[in-house]
Every structure is written in structure tokens, then in C-alpha cells.
Protein chains: 2
Amino acid sequence: MHNLSQILTDLQFSAVYNILSLGLAAMLATTAFMLASQKRVLPRYRQALVVSAMVTLIAAYHYFRIFESFKHAFEGTTGNNPHAYNVGYRYVDWFLTVPLLLVETVMVLALVQADRSRMLSRLVPASALMIILGYPGDAGEKWFGLGAPVWGALSTIPFLYILYILFVELGKSLQRQSERVRVFVRNLRLLLLGTWGVYPISFILNMNSDPNSPNWNSFMARELGYSIADILAKCAFGLMIYAIARTKSFEDDADFRAAEMKDA
Amino acid sequence: MHNLSQILTDLQFSAVYNILSLGLAAMLATTAFMLASQKRVLPRYRQALVVSAMVTLIAAYHYFRIFESFKHAFEGTTGNNPHAYNVGYRYVDWFLTVPLLLVETVMVLALVQADRSRMLSRLVPASALMIILGYPGDAGEKWFGLGAPVWGALSTIPFLYILYILFVELGKSLQRQSERVRVFVRNLRLLLLGTWGVYPISFILNMNSDPNSPNWNSFMARELGYSIADILAKCAFGLMIYAIARTKSFEDDADFRAAEMKDA
């Protein structure tokens, strides 16, 4: 935690304050939507929806904490504030949710058991490692004497490994999926690449900020970047998972489709 | 309760603060997951999932309390703080949740009624006794003139008895389970042994700490140890209970498996 003085401009304060509240609202609504939509897909795709709901539930908890932490650190007129902004909440959130996002991705494809286990046993540890290695770089302290660029670079190694599995290994498993599902999965991977790409950019934007005299525009940019990326990577991503589950439910069972679609 | 001065370093404070928040998030999400997954197993295994959800719900409540207690005791810049950290929350939590963890373990195996009653009538009192005997040793006061090592040793007696029942008695009942279930139960017992082993180690780490001048590294190690062990022993354990319930549901009912698994 840093002990930051309250020197955000009104614009900087409002921008971060409102995006954090937007994030919380989006996470809560997506959680409720995923749980309420269980019956709209076949049983075999419901696990993916439950996991997606857990991702946004965990994120909703953390957005509530981040919002409160931000208020304590920056609200008021007393200048210096003993309460400080805790960036740790974001990393704890990602430590739990990023592996789960990969779990829901693999789950919704309903791959054969062996393929599923093989993917998850590599994706889950790699994603947890990616987050753990990123934290020291963002916490603003030189852990083990290493600066933010080194931790950022270390964190990139498991990230590239995850991309390799998703784009090369998963590609092979997609051959047995229908054309519509393959298009969905391609878009899903692009959304993942696009949104996960925002995190390192946000990280780098704030990287050279001196903890004792922060650059508040960089701070704002990082918080906006993290929040928008979170909303896309968890809520929009979850809705794409739901769309895939619906499409595959219709393909698997014509009666189910007829019950759900008037033009079936 | 101890009246502790605020002399944790930033690193010590952040580490405990963030692990307590992580614990709360993990307990909440596991509770929701277990309740949302009821229909994903056959009715005969749902009792185990409900009990598991109660374990993590009780723990979520206590992690909220522990988190608040920790903040009151250590946050701020005033040095001494009238609010103090209450380790009692952990023991109240364990007093309720540890017997329930053993209940869910026995429940998920769907043993014959007589075996189930015989196990539970011994496991539940033994586990409650184990927690009650541990508390005086951790509360930092010489109850009945006995120090922490004596209470730790007394608490170990019911612990060994529980291990005897789980590894010897339960072993006999496992003969009638399938090979896959037996592997699961073996892993479940190892997880239990591994995580329950962290508690006495954490206890011992802090045992020689003088309440009037605490060793804060030992304090941090104890809190990290208890929290990580709790997350593994309740959340990871609950997910293994769920995996066993799923496997047994598939074994019991081929139609159920076919609806749930595409490669069935």
C-alpha cells in the first residue's frame, strides 16, 4: 500500500470513481444473468455458465473493495490521508479469476475428458504464475531488488505460453466443432488477446511513476485501463461463452432448439 | 484478545490484509458455486454439497470479522490501538466448520446408514474437542496454568484419533467403491492431512512469541499459514467433494452422465 496524498483533480477523481462503480454494477448484473440463464442451455454447458458467474461474483466483491479503498484514499479535503489505495485487490482478483476464465473457456467447448484435463493442467498454473509475477511490479516496491520492467517481463513468459496453448493447441481441438462454433471461438480468443493486452499497457503506463510523487494522469490511465479491460474480459467474455453454449445446445438437440426458437 | 501496537511493516500488513481478503472472496465464491451446482449431481449426493456450502458460508462470515478485526488493530498511524486482533474468531469458525467438513466427507461416500452413523458419532466429537483444546494455546494466556505446548499436545490426541478413523476405519469401507472413487478419496485424505498439518505448524511458529512484545514475522507467518490452510481445507476440499459427487453420479446413472458429458 502507498500512502498517497489527495492531489487528484476533480476530473481524475470522478473518472476513476465512476468507472469503478460501473465495474461493480456490470459484474453484479453478469453474475445474476449467468445464474438465471442456467436452464437456457443443455446440462453439459451449464458448468461453464456457473464458472463464469463465479468469475464475475469474485470480481464484484473486489470492485466493491477497490471502490471503498479508492474513496478512503482520495476522498475528502484533508490532503494526506492515512487510508491508502490497495492495488493488491486487483491482483488477488486476477489470481482467482484468470484461471477460472480459462476453465470456463475449456468447459464450454465440451471437449473429450482427456483433452480438457491436458489443457487445464497447463493453463491454470501458467495463468496463476502470470498474475503472481506481475504483482511486485505494480506494488511500487523493489522486491528482491528487481524493478517493475523485470517483473513485467517475467510475467509475460507464462502469458505467451497461454497464447500458444489457446492459439495452437486449442486450434487442433476445434476441428471437430461446427463452423459457427469455430467462428465464435476465434472471436473469443481475439477478445481475450485484445483485452488481456490492455493490462500490460496499463501496467507500463504507470511503471515509471515514482511512488513518492506519483504521476496522477498515469495513475488514472492505469485504473481506467484495468477497469475497462476487466469489464470486457469478464462480462463481455462471459456473454460470448453463453452465446457459444446456446449455439452448441441448439446443434446438439433439435427439440431443445424448437422449444427455444419460434423459427426453428 | 491482545492489545497490540501498530508496528507491522508495510509488507507484513499488506500480506496479512490481502490474504484475509482473498480468503473471504474464496469462501463466498465457493458457497455460491456449491449451491448453484446442486442439480449437477444426483439427489443422493446433494446433502454433501449443501454441508460444504455451509462450511464456506460460516468461514466467509468469520473471514469478514477477522478482516475487520485486523484492520481495527493494525491500520492507522496512531501506534497503539485500543481495538485489538481477536484470534477467537478462527477458533469459533473451526469449532463449527471442522466437524462439518468431516460430515460432508462421510456424506459424499453414501455409505450404508450404519457405517455412516458409526463414523460420525466418533469424528464429530473428536474434531470439536481438538479445536477446543487448541484455543487456549493460541490465545496467549496460561489457562489453568498450562502453556501453549501443553494445549497443543492435548489437541493433538483427538487429531490422531481422527486420522486413525479416516485412514484405517474408512479404508475398510472404501473396498466397495470404484477404483476412480478410491483414488479421489485417497487424494481427499492427503489434502486433509496436508492442510490440517499446516495448522499445528502455524501454531508452533507463533507459540514462543511473547504476548507483550510479539514477534511480528511469526505473527504474519501464522496468519498466512492459517489462511492458506483454510482456503485449501474448505474451498479446494469442497471442490474435491464436488468432483467425487459428480463421478459417483455418473457411475450410478448412465443417462445422467450422457446428458452431462458429450463423450459419454
Side-chain angles (χ1 to χ4, degrees), chain A residues 1-3 31 34-36 38-39 42-47 49-62 64-66 69 72 80-84 86-93 95-97 100 109-116 135-136 139-141 143 176 248 251-253, chain B residues 6 8-41 56 60 63-64 67 71 74-79 81 180 227 231 235-236 239 242-243 246-247 249-250 255-264:
Chain A
M1 285 201 201
H2 316 162
N3 202 358
T31 306
M34 286 294 168
L35 293 177
Q38 288 288 299
K39 297 273 174 65
L42 289 179
R44 66 187 58 141
Y45 303 115
R46 287 177 195 163
Q47 185 81 82
L49 269 56
V50 174
V51 174
S52 180
M54 295 307 105
V55 166
T56 46
L57 180 66
I58 292 168
Y61 165 80
H62 285 109
F64 175 76
R65 290 281 187 206
I66 294 169
S69 177
H72 281 297
N80 271 303
N81 195 311
H83 299 284
N86 176 26
V87 78
Y89 286 130
R90 292 205 179 269
Y91 281 83
V92 171
D93 176 68
F95 179 70
L96 294 169
T97 56
L100 290 176
L109 297 175
L111 306 173
V112 294
Q113 180 85 46
D115 282 3
R116 204 166 54 189
Y135 177 64
E141 293 169 42
W143 290 24
R176 274 175 309 171
K248 285 171 71 76
E251 288 174 0
D252 291 359
D253 187 334
Chain B
Q6 192 249 335
L8 295 180
T9 64
D10 275 0
L11 175 75
Q12 288 166 339
F13 181 84
S14 292
V16 176
Y17 189 87
N18 285 313
I19 201 88
L20 291 175
S21 178
L22 193 163
L24 176 49
M27 298 301 168
L28 279 179
T30 311
T31 305
F33 178 85
M34 287 295 167
L35 294 177
S37 301
Q38 287 288 298
K39 296 275 172 64
R40 327 271 343 273
V41 301
T56 47
Y63 267 79
F64 175 76
F67 184 79
K71 275 207 305 187
F74 299 105
E75 208 174 43
T77 51
T78 48
N81 195 309
R180 277 199 70 185
S227 303
I231 295 165
C235 302
L239 294 178
Y242 174 69
R246 287 275 287 175
T247 301
S249 296
F250 293 164
D255 291 344
F256 182 82
R257 177 175 163 82
E260 289 275 337
M261 303 279 282
K262 213 171 175 181
D263 62 339

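Convention: sequence-line order gives letters A, B, ...; per-chain numbering from 1.
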Query raised in the report: Which residue out of B:Ile19, B:Leu28, B:Leu22 racks up the most heavy-atom pairs below 4.5 Å with chain A?
Result: B:Leu22
**Report entry** B:Tyr17-B:Phe67 aromatic ring centre distance below 6.0 Å
**Finding:** yes
Query raised in the report: So what's closer than 4.5 Å to chain B heavy atoms on A:Leu35: side chain, backbone, both or neither?
Result: side chain
Requested in this report: Against chain B, work out which of A:Thr31, A:Leu57, A:Asp93, A:Val92 has the most heavy-atom pairs shorter than 4.5 Å and name it.
Outcome: A:Val92
Query raised in the report: Contact part of A:Asp252 toward chain B, heavy-atom cut-off under 4.5 Å: side chain, backbone, both or neither?
Result: side chain
Requested in this report: With a 4.5 angstrom heavy-atom cut-off, could you sort out which part of B:Leu24 is near chain A: side chain, backbone, both or neither?
Outcome: side chain
Query raised in the report: What pairs with A:Arg65 under salt bridge (Lys or Arg N to Asp or Glu O under 4.0 Å), at least two apart in sequence or on another chain?
Result: none
Query raised in the report: Is it the case that B:Tyr63 and B:Ser21 place a side-chain donor and acceptor less than 3.5 Å from each other?
Result: no
Query raised in the report: Would you call B:Glu260 and B:Arg246 a salt bridge, using N to O less than 4.0 angstrom?
Result: yes
Requested in this report: Measure A:Tyr91 against the heavy atoms of chain B and call it side chain, backbone, both or neither at under 4.5 Å.
Outcome: neither
**Report entry** Structural part of B:Thr30 lying under 4.5 Å from a heavy atom of chain A
**Finding:** neither
Report task. Can you sort out the partners of A:Arg176 under side chain to side chain contact (heavy atoms under 4.5 Å, CB included), two or more places apart, ordered by chain and number? Result -> A:Val112, A:Asp115
Requested in this report: May I ask you to check whether A:Tyr135 and A:Phe95 place their ring centers less than 6.0 Å from one another?
Outcome: no
Report task. Sort B:Phe256 into side chain, backbone, both or neither according to what part of it lies under 4.5 angstrom from a heavy atom of chain A. Result -> neither
